[in-house]
2 protein chains.
Amino acid sequence: MLPIGKLSAATGVKVPTIRYYEQIGLLPEPGRSEGNQRLYDRAARDRLAFIRHARDLGFPLEAIRELLSLTDVPTHSCAAADAIARRQLAEVEARIARLDSLRGELQRMISHHKGGTIAECRVIEVLGNHALCQHDHAGETGF
Amino acid sequence: MLPIGKLSAATGVKVPTIRYYEQIGLLPEPGRSEGNQRLYDRAARDRLAFIRHARDLGFPLEAIRELLSLTDVPTHSCAAADAIARRQLAEVEARIARLDSLRGELQRMISHHKGGTIAECRVIEVLGNHALCQHDHAGETGF
DNA sequence: CCTAATTCCTCCAGTGACTATAGGTTCAAG
DNA sequence: CTTGAACCTATAGTCACTGGAGGAATTAGG
């Protein structure tokens, strides 16, 4: 049985984050010691490692909640898990595409930079005058 | 002189967001009508368009604040503006690299998916067992 | 066995960049 | 002159944490 600090060290999830996950119902309330300190078993550690890994892959907590609820019924079809992963992949690909175009514009902005004063600065100029850039950046920022 | 709704339509920045920018000191307090409604001039519109464009490029508000303070002294060297843009480019490139590796792992996860029950699900399995993935995801999530 | 350092507890506030809601006022069109 | 849209302020909520205050419990060293 691990106290919260050891669990944190074992999973790489910070202590306040573990308590936060408990607070929002992503982790069940663990047992307590006589002195009221949380004690975690192996199942809790596995669950937290799962959450950590999914977070690292960019899954939002709501998707993780859904994935966890799937694992609670192991005989259920895994089509839903597959769908969540595909959604996440599409999301990641959209972000990459978006960032690629931002990179292009930033690179153009910087490569035109010749020094001098703010009044002649290409960076400031491009930011101030949208017509100077090829980018359409429709609305959502991607961040 | 534009009321806030017209300014919003002209720049693509939502009304509450404009008021928020004023609140945090990114936009100066505009003049008011007799009935206490905000009225914006051309300078305000240009400044907001600048902010909008920089936000679209992913600059955080603090960087934008700095860029705006640079434009207030047009005779100053633009090296600082260049540095901010380069920092932003580096940030964007780091995010792209990170997302590329996530994409790889998600693709592997999905391509190994064969259907069946949750108990046999590759997606769930990879998420639960870090050893099954090549990805090192060191700590920061990139999101 | 005692002390000191560390870890733990709860609660509350803050982050970034908005977004939404409630409840009221002013403006412009018909 | 009335109606409805647009405006006002203030507050709270979003996501996923992070940090601090102030105090209790545990552990390691002497």
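Naming: A, B, ... by sequence-line order, numbering from 1 per chain.
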- Using a 4.5 Å side-chain heavy-atom cut-off and chaining through intermediate ILVMFWY residues, the residues clustered with B/Val73 come out as none
May I have the distance from [X] (atom [atom1]) to [N] (atom [atom2]), rounded to whole angstrom?
{"X": "B/Ile24", "N": "C/dA17", "atom1": "CD1", "atom2": "P", "value": "8 Å"}
{"X": "A/Glu62", "N": "D/dC15", "atom1": "CD", "atom2": "C1'", "value": "10 Å"}
{"X": "A/Gln23", "N": "C/dT10", "atom1": "CD", "atom2": "C1'", "value": "11 Å"}
{"X": "B/Asp56", "N": "C/dA17", "atom1": "CG", "atom2": "C1'", "value": "14 Å"}
{"X": "A/Glu34", "N": "D/dT26", "atom1": "CD", "atom2": "C1'", "value": "12 Å"}

- Looking only at side-chain N and O atoms, does B/Ser33 come under 4.0 Å of OP1 or OP2 in C/dC27? yes
- May I have all residue pairs that pass salt bridge (charged side-chain N to carboxylate O under 4.0 Å, His left out) and include part of residues 73-88 of chain A, sequence neighbours excluded? A/Glu66-A/Arg87, A/Asp82-A/Arg86
- Task: Among residues two or more places apart or on two chains, list those pairs meeting salt bridge (charged side-chain N to carboxylate O under 4.0 Å, His left out) that have a residue in residues 31-42 of chain A.
- Result: A/Glu22-A/Arg38
So, using salt bridge (Lys or Arg N to Asp or Glu O under 4.0 Å) as the criterion, who are the partners of [X] when residues are at least two apart?
{"X": "A/Arg122", "answer": "none"}
{"X": "A/Arg45", "answer": "none"}
{"X": "B/Arg65", "answer": "B/Glu62"}
{"X": "A/Asp46", "answer": "none"}

- Item | Any residue of residues 40-49 of chain A with a heavy atom less than 4.0 Å from an atom of DNA chain D | none
- If every non-hydrogen atom of A/Thr71 is compared with every non-hydrogen atom of B/Ile118, which pair is closest and at what distance? CA-CG2, 3.9 Å
- Message: Which heavy atom of A/Leu68 sits nearest to which heavy atom of A/Leu26, and what is that distance?
- Response: CD1-O, 4.1 Å
- To the nearest 10 degrees, the angle between the two end axes of the helix from C/dC1-D/dG30 to C/dG30-D/dC1 (five pairs per end) comes to 0°
- Could you note down all residue pairs passing side-chain hydrogen bond (donor to acceptor under 3.5 Å, both in side chains) where residues 2-14 of chain B supplies at least one of them, sequence neighbours left out? none
Pairs under 3.5 Å (N/O, protein and nucleotides 5-8 of chain D):
| unit_1 | atom_1 | unit_2 | atom_2 | d |
| --- | --- | --- | --- | --- |
| D/dC7 | OP1 | B/Gly5 | N | 2.6 |
| D/dC7 | OP2 | B/Gly5 | N | 3.4 |
| D/dC8 | OP1 | B/Arg38 | N | 2.8 |
| D/dC8 | OP1 | B/Arg38 | NH1 | 3.0 |
| D/dC8 | OP2 | B/Arg19 | NH1 | 2.3 |
| D/dC8 | OP2 | B/Arg38 | NH1 | 3.4 |
| D/dC8 | O3' | B/Arg32 | NH1 | 3.4 |

Quick one: which protein N/O atoms are closer than 3.5 Å to N/O atoms of nucleotides 18-23 of chain D? Pair and distance per line, please.
| unit_1 | atom_1 | unit_2 | atom_2 | d |
| --- | --- | --- | --- | --- |
| D/dT18 | OP2 | A/Thr17 | OG1 | 3.1 |

